[in-house]
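These notes are about the structure you will find just below.
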Amino acid sequence: MDWLVRDALVVDGTGAPGFVADVGVTAGRITAVDPGRRDVRAAGAHRTVDAAGRALTPGFIDLHAHSDVQILANPDHTAKVGQGVTLEVLGQDGLSLAPVDERTRDALRTQLAGWNGDPPGFAYDWDSVAGYLDRLDRGIACHAAYLVPQGTLRLLVVGPDDRPATPAEQARMADLLARGLREGALGMSSGLTYPPSMYADDAELAALLRVVAAHGGYYSPHTRSYGEGALEAYAEVLDLARATGCPLHLTHATMNFAPNAGRAGELLALVDAALDDGVDVTLDSYPYLPGSTTLSALLPSWAFSGGPDAALARLADPADRARIVHELEHVGTDGCHGCVADWDTIEVSGVQRPGLEDRVGRTIAAIARGEGRAPGDVFVDLLRADRLGTTILQHVGHEENVRAIMTHRAHCGGSDGILVGGRPHPRAWGTFPRYLARYVRELGLLTLEDCVHHLTGRPAARLRLAARGLVRPGYAADLVLLDPATIRDVATFDDPRRQAEGIDLVLVDGVAVLDDGARTSALPGRAVRRSADGAAR
């Protein structure tokens with residue numbers, strides 16, 4: 001064998017009680033799980049690890065990642081493998097970089113700079129989903145799957161304008177979606193508070209969801225609101241799933257902003273009713289209170305119609321500028337989830353342009369007070385100076401909602417982690433250890449076995465992974481060896497790029513990407529694609 005892990009507490013990803021066993025790995029596969037601890041030892045191994053007192057789990061699956069460019073540009077990817085992630089799902093929130101043409105690629109690079117960065121000299125040498133997946137196959141730290149982004153499709157076919165798609169345009173988007181699914185994408189995402197994704201009506205979405213369902217995929221929407229109207233937004237996508245038969249995954253399922261304090265039970269009642277009706281529904285969340293997005297996301301939808309250049313022109317026009325600030329401060333925009341902007345809760349976490357670094361780590365309100373200016377002016381001028389590339393934290397979450405959602409029977413884990421910026425959200429480095437440290441060991445909200453199931457076996461079932469996501473003979477050796485007594489997230493809002501503690505070994509297809517707690521140079525990851533039989537391999 002290549003690896004023999006002796007005397008480990010095997011937490012196998014099913015939710016069943018853990019048991020002590022020896023586990024053998026050969027040629028990237030788990031070849032033995034031996035509770036008797038005799039047969040495997042007799043076979044011998046090139047590398048033996050004494051795992052007494054530690055837990056061996058499947059690799060964690062991040063169902064919501066924003067590593068689309070960074071996983072290629074910075075292949076070390078310690079942020080994810082350092083917390084035990086062996087597979088992440090890209091193409092989230094309706095916007096990513098495949099499929100594209102020359103025109104839309106440039107627009108998306110501008111719009112997504114706050115999520116992806118725009119690394120100097122990086123080669124965007126693909127245009128199709130197949131081309132992007134092939135690029136991943138050149139070597140990455142962990143495995144990655146992809147969702148076709150509905151907003152990217154819309155930009156390619158309809159353009160950046162706020163208008164309904166014609167029947168011919170709907171058909172063209174459906175054709176491109178089907179092609180992406182045939183090329184290996186696992187489903188489709190939407191970003192229904194992000195332009196141009198948000199310009200789609202339910203009829204357009206339903207037409208695309210029927211294509212997803214026909215190809216065995218699932219739908220992962222960022223809904224139209226997580227503030228005012230959050231329950232109506234969740235009900236909208238649940239009804240779409242009912243009508244089309246498309247499996248649904250409610251990604252970063254939160255109930256945020258002041259109107260939703262203590263109301264997670266109402267969301268979960270909607271999910272339970274759908275499950276009881278036979279709808280295939282799962283959800284994911286991150287174990288933190290603040291959210292994170294781009295500052296430009298707060299703009300009203302009309303202000304972004306026409307794309308990034310049109311938005312920048314409106315921000316420069318005195319009348320449009322005044323209208324934008326008025327809607328943000330007195331009406332509530334669709335980009336800000338129907339809520340009036342509370343400038344004290346909106347903290348700059350990253351900028352793209354030199355000379356703006358002093359904004360990072362400060363709220364819009366604090367910057368305005370320090371400069372003796374109006375917060376709305378700070379907001380507009382920062383967007384203009386940074387050409388829409390600014391990222392933010394929004395301190396709008398509620399702990400009681402976070403706890404209620406993570407205990408639900410359909411819950412999985414997703415970091416929603418943005419890797420760029422001066423002070424990105426620490427969830428990019430700490431989500432999975434934080435579940436195990438705070439909510440298992442410290443609070444006892446979940447058992448170790450149940451939590452590992454949420455982070456491994458259950459998301460593997462959502463993705464329809466073939467022989468991946470459990471500690472079981474014949475399964476891929478995506479494995480994490482951790483100490484349940486010491487694992488913890490150490491990334492903070494002040495110092496967000498800190499590797500988690502208490503994880504000793506991470507294997508991706510049997511190759512160590514973390515060994516004795518340190519990142520190796522290995523890049524064994526590849527693209528996971530949907531196969532003709534519907535399984536993802």
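We use all heavy atoms of the structure for the numbers below, so side chains are in, but hydrogens, waters and symmetry mates are not.
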Tell me whether the NZ or CZ atom of Arg434 lies within the 45° cone about the ring axis of Trp429 and under 6.0 Å from its centre. no
Between Tyr124 and Phe122, what is the ring plane arrangement, given parallel below 30°, perpendicular above 60°, and tilted in between? perpendicular
With a 4.0 Å cut-off on N to O distance, would you call Arg472 and Asp12 a salt bridge? no
Any donor-acceptor pair under 3.5 Å linking the side chain of Arg314 with the backbone of Ala303? yes
My understanding is that only one of His411, His454, His453 makes a ring-ring contact (aromatic ring centres under 6.0 Å, His included) with Tyr435; could you say which? His411
Sequence neighbours excluded, which residues qualify as salt bridge (charged side-chain N to carboxylate O under 4.0 Å, His left out) partners of Asp137? Arg529
Can a donor-acceptor pair be found between the side chains of His66 and Glu88 at a distance below 3.5 Å? no
Applying side chain to side chain contact (heavy atoms under 4.5 Å, CB included), can you list everything that pairs with Asn260, at least two apart in sequence or on another chain? Ala230, Met255, Arg263
Using the ring pair (Phe, Tyr, Trp, His ring centres under 6.0 Å) criterion, which residues pair with Tyr288? Sequence neighbours excluded. His425
Say whether, by atom type as modelled, one donor and one acceptor occur between the side chain of Ser190 and the main chain of Gln150 under 3.5 angstrom. no
Taking only residues at least two apart or on different chains, which pairs with a member in residues 201-215 satisfy side chain to side chain donor-acceptor pair (under 3.5 Å)? Arg154-Glu204
Got a donor-acceptor contact below 3.5 angstrom from the Glu169 side chain to the Thr166 backbone? yes
Side chain of Ser225, backbone of Gly227: donor and acceptor closer than 3.5 Å? yes
Taking atom CZ as the centre, does Arg179 end up with more than 12 heavy-atom neighbours from other residues, nucleotides or ligands that are less than 6.0 angstrom away? no
Only counting residues at least two apart or in another chain, list the ones meeting side chain to side chain donor-acceptor pair (under 3.5 Å) with Thr431. none
Phe257 and His398: aromatic ring centres closer than 6.0 Å? no
When you measure from the side chain of Arg530 to the backbone of Leu186, do you find a donor-acceptor pair of N or O atoms at a distance under 3.5 Å? yes
Kindly write out the residues that satisfy side chain to side chain contact (heavy atoms under 4.5 Å, CB included) with Arg242, not counting sequence neighbours, or none if the list is empty. Leu238, Asp239, Ala273, Ala274, Asp277, Val279
Would you please say whether a donor-acceptor pair under 3.5 Å links the side chains of Asp342 and His395? no
Just by modelled atom types, is the Gly15 backbone N or O under 3.5 Å from a matching donor or acceptor in the Glu449 side chain? no
For Leu298, is there any backbone N or O sitting under 3.5 Å from a side-chain donor or acceptor partner on Thr333? yes
Taking Arg427 for the side chain and Ser415 for the main chain, is one N or O donor matched with an acceptor at less than 3.5 Å? yes
Between Ser220 and Ser189: side-chain donor-acceptor atoms closer than 3.5 Å: no
Please confirm whether the backbone N or O of Leu312 pairs with a side-chain atom of Arg384, one donor and one acceptor, at under 3.5 Å? no
Val452 and side chain to side chain contact (heavy atoms under 4.5 Å, CB included): which single residue from Val480, Thr57, Val471 fits? Thr57
Quick one: do Arg105 and Glu102 make a salt bridge, cutoff under 4.0 Å? yes
Any pair counted as ring pair (Phe, Tyr, Trp, His ring centres under 6.0 Å), so long as it reaches residues 177-197, sequence neighbours left out: Trp115-Tyr194, Tyr194-His222
Can you tell me if Arg103 uses its side chain to pair, donor with acceptor, with the backbone of Leu156 under 3.5 Å? yes
Evaluate side chain to side chain donor-acceptor pair (under 3.5 Å) for His252 paired with Tyr226, printing each intermediate quantity in order. CA-CA 10 Å; His252 48 43; Tyr226 294 93; 3.2 Å; yes
Is any NZ, NE, NH1 or NH2 atom of the basic residue among Arg468 and Asp509 found under 4.0 Å from an Asp or Glu carboxylate oxygen of the other? yes
With sequence neighbours excluded, residues passing salt bridge (charged side-chain N to carboxylate O under 4.0 Å, His left out) with Arg321: Asp377, Asp381
Does any donor atom in the side chain of His249 or Asp284 lie under 3.5 Å from an acceptor atom in the other side chain? yes
Hits for side chain to side chain donor-acceptor pair (under 3.5 Å) against Gln70, two or more places apart or cross-chain, chain-then-number order -> Asn74
Between Thr294 and Thr391, is a side chain to side chain donor-acceptor pair (under 3.5 Å) present by the stated rule, with each step listed? CA-CA 4 Å; Thr294 59; Thr391 49; over 6 Å; no
Between Arg526 and Asp134, is the closest basic N to carboxylate O distance under 4.0 Å? no
Which residue pairs pass the ring pair (Phe, Tyr, Trp, His ring centres under 6.0 Å) test with at least one member in residues 137-162, sequence neighbours excluded? Tyr132-Tyr146
Do you see a donor-acceptor pair shorter than 3.5 Å between the side chains of His337 and Asn256? no
By side chain to side chain contact (heavy atoms under 4.5 Å, CB included), Cys246 pairs with (sequence neighbours left out) Leu209, Val212, Ala213, Tyr219, Thr244
Can you name the residues that form a side chain to side chain donor-acceptor pair (under 3.5 Å) with Asp127, not counting sequence neighbours? none
